[in-house]
Amino acid sequence: QSAHRAGLRSFIRYGWRWSWRVAAFVTIFNTVSTGLTVYRNKTTISNFASAGAFTGALFRMHLGLQGLAGGFVFGTAFGIPAGGLLMIMQKLAGETLQEKRNRERGELYEQKLAEWQSRLSVTEVLGQMESNAQGGPETETARE
């Protein structure tokens with residue numbers, strides 16, 4: 001039991017030290033890859049490789065130029081398989097995030113177009129009613 005408790009204490013101690021680093025790495029990686037995907041309007045392996053390279057270089061920058069280059073290579077080496085895995089999982093799910101975004105954008109466009117056309121038809125009907133109301137008395141006075 002004492003060995004178990006000691007193991008648990010060390011797991012908590014070192015787990016906390018590494019958890020925030022992993023969380024920061026993943027956050028930066030996802031932010032860069034998502035930003036590249038949105039900017040380029042397509043999902044490619046190069047987005048994930050670039051995100052990995054940027055994040056790896058950023059985390060190894062304090063070691064100088066060699067650390068920066070090593071982080072760049074290390075991040076690229078892990079970004080490519082991570083991106084490939086994510087893209088394969090999206091394909092297996094049936095719809096990629098890009099396809100979903102385009103579909104939702106099209107649905108929103110169709111909904112707004114239908115709403116705009118219905119408002120336009122109401123405006124046209126009101127205009128016809130107004131012209132009929134103005135034209136009715138004039139025709140009666142013209143007949144008299």
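Atoms considered below: every heavy atom in the structure, side chains included; atoms not considered: hydrogens, waters and symmetry mates.
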Honestly curious: do [X] and [Y] fall in one hydrophobic cluster under the side-chain, below-4.5 Å linking rule?
X: I80; Y: I28; result: no
X: W18; Y: L58; result: no
X: F29; Y: I45; result: yes

Looking at every heavy atom in both [X] and [Y], which two are closest together, and how far apart are they?
X: G71; Y: R60; answer: CA-CG, 3.8 Å
X: A53; Y: T76; answer: CB-OG1, 3.1 Å
X: G7; Y: S10; answer: O-OG, 2.9 Å

query = Does the side chain to side chain contact (heavy atoms under 4.5 Å, CB included) test come out yes or no for M61 and L68, once each step is laid out?
reply = CA-CA 5 Å; M61 177 168 69; L68 186 78; 4.1 Å; yes
key: Non-hydrogen side-chain atoms of K100 and E104 separated by less than 4.5 Å   =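 They are in side-chain contact.
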task = Please tell me if the side chains of Q111 and L108 come closer than 4.5 Å, counting only heavy atoms from C-beta onward.
result =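 A side-chain contact under 4.5 Å exists here.
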Nearest-0.5 Å distance that lies between atom [atom1] in [X] and atom [atom2] in [Y]:
X: L113; Y: S118; atom1: CG; atom2: OG; result: 10.0 Å
X: F59; Y: F74; atom1: CZ; atom2: CZ; result: 11.5 Å
X: M87; Y: K91; atom1: CE; atom2: NZ; result: 7.0 Å
X: R101; Y: T37; atom1: CZ; atom2: OG1; result: 7.0 Å
X: L36; Y: N41; atom1: CG; atom2: CG; result: 12.5 Å
X: F48; Y: L85; atom1: CZ; atom2: CG; result: 10.0 Å

Is the backbone of [Y] close enough, under 3.5 Å, to the side chain of [X] for a donor and an acceptor to pair up by distance?
X: S33; Y: N30; value: yes
X: N47; Y: K42; value: yes
X: T55; Y: G52; value: no

E99 bridged to R103 by N-O distance under 4.0 Å = no
inquiry  = Does the Lys NZ or Arg CZ of R119 fall within the cation-pi geometry relative to W116 - under 6.0 Å from the ring centre and within 45° of the axis?
reply    = no
